[in-house]
Structure formats: C-alpha cells, structure tokens
Amino acid sequence: QVQLVESGGGLVQAGGSLRLSCAASGRTFSGYAMGWFRQAPGKEREFVAAITWSLATTYYADSVKDRFTISRDNAKNTVNLQMESLKPEDTAVYYCAAKQGTIVVENERLWEYWGQGTQVTVSS
C-alpha cells in the first residue's frame, strides 16, 4: 500500500520560514517525480514545485520561485519543501504527490499518488 505522509506544517508569521517533509512508502519510487501542490480555501488545488528522480531537476510555480526550494533523498524516499519569506497568500493545505516518469506536469490529474495534506497558515 502506497503512502505519502506530509509533516512540518503549522502557523508562521509573514516573512517566516517552514520546512515541509513527505515520507513515501509502500513501493520503490525509483523513476518517480515527486511534487508539492497546495489548495487554499475556496480555490482549486495548484502546482507548487516538483523534482525528478535521477537528475533532481526542479520546477517551480512562478508564485514561489526564489522563495521555495524542493529537494529529495532517494535513499530515504523523502522529499522536502523549504519555504522562505512566507506570505499570507501562501496559506493553504499542502499536498505531497508522486508521478511516474521524468516529465513534470502541473496538471494534478496526471499525478498518481497523494498524501493527506498538511496545513500551512501564514499570518500577516
């Protein structure tokens, strides 16, 4: 049974930092891209960042570029999202996701596995 479990969410003031982690289990994720999405209240879920398996190529949404950093530890099957200079508009439930292959897409329907999400709240 595949499981993606997020951790590290919480409440932070604007300008602060948080580090999210996602632990994957239940299968080998060799060849899988790992990503983060988020969903704010009343909005659709949106792509945040992703990283490929072998070359660790990273992709970011324009809204988080230069503030967020995604990384992965293939030996431990974990992916992290370091979030800096947080803004109130970053408030959302953040989801970890996995997708087979090296092509990263922002369409959430093409991602195969999902975690339950972790709440990030940024106060102004």
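As the structure is a computational prediction, the values presented were derived from the model and not from experiment.
Counting heavy atoms from C-beta outward, Arg38 and Phe47 have side chains that stay 4.5 Å or more apart. A 4.5 Å side-chain heavy-atom check between Cys96 and Val79 finds at least one atom pair inside the cut-off. For the pair Phe68 and Thr58, the minimum side-chain heavy-atom distance is 4.5 Å or more. Side-chain atoms of Asn80 and Arg19, non-hydrogen and from C-beta on, do get closer than 4.5 Å to each other. Between Thr69 and Met83 the shortest side-chain heavy-atom distance does not fall below 4.5 Å. The side-chain heavy atoms of Tyr94 and Glu6, taken from C-beta on, include no pair separated by under 4.5 Å.
Nearest heavy atom pair, residue Ala14 against residue Ser124, reads CB-CA, 4.3 Å. Across every non-hydrogen atom of Trp114 and Glu108, the tightest pair is CZ2-O, 3.4 Å. Closest heavy-atom contact between Val104 and Ala50: CG1-CB, 3.5 Å. Val12 approaches Leu18 most closely through the heavy-atom pair CG1-CD1, 4.0 Å.
Ionic pairing of Asp62 and Lys65 is present here: one or more N-O contacts between side-chain nitrogen and carboxylate oxygen are shorter than 4.0 angstrom. Electrostatic pairing of Arg67 and Glu84 does not count as a salt bridge here, judged by no charged N lying under 4.0 Å from a carboxylate O.
Each of Thr52, Val48, Val105 was scored for a side chain to side chain contact (heavy atoms under 4.5 Å, CB included) with Tyr59, with one residue passing: Thr52.
Asn74 contributes a side-chain N or O that, together with a main-chain N or O of Trp53, makes up a donor-acceptor pair within less than 3.5 Å. Formation of a donor-acceptor pair under 3.5 Å by the Arg72 side chain with backbone atoms of Ile51 is found in this model. A donor-acceptor contact shorter than 3.5 Å links the side chain of Glu112 to the backbone of Gln100. A distance-only check finds a donor-acceptor pair linking the side chain of Lys99 to the backbone of Ile103 [under 3.5 Å].
For the atom pair Leu20 CG and Ser7 OG, the distance stands at 8.0 Å (nearest 0.5 Å). The CD atom of Glu89 sits 8.5 Å away from the NZ atom of Lys43 when rounded to the nearest 0.5 Å. Atom-to-atom distance recorded for Gln39:CD and Gln119:CD is 10.5 Å, nearest 0.5 angstrom. How far CD of Gln3 is from CZ of Arg27: 14.5 Å, rounded to the nearest 0.5 Å.
The hydrophobic clustering, which links ILVMFWY residues whose side-chain heavy atoms are closer than 4.5 Å, places Trp111 and Trp36 apart. In the hydrophobic clustering of this structure, Leu86 does not group with Val93; members are Ile, Leu, Val, Met, Phe, Trp, Tyr whose side-chain heavy atoms approach within less than 4.5 Å, directly or through other members.
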Chi angles and distances behind the side chain to side chain contact (heavy atoms under 4.5 Å, CB included) call for Gln82, Ser21: CA-CA 9 Å; Gln82 180 67 40; Ser21 295; over 6 Å; no

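No donor-acceptor contact under 3.5 angstrom links the side chains of Asp73 and Thr78, judged on distance only.
Not less than 6.0 angstrom separates the ring centroid of Tyr95 from the ring centroid of Phe37.
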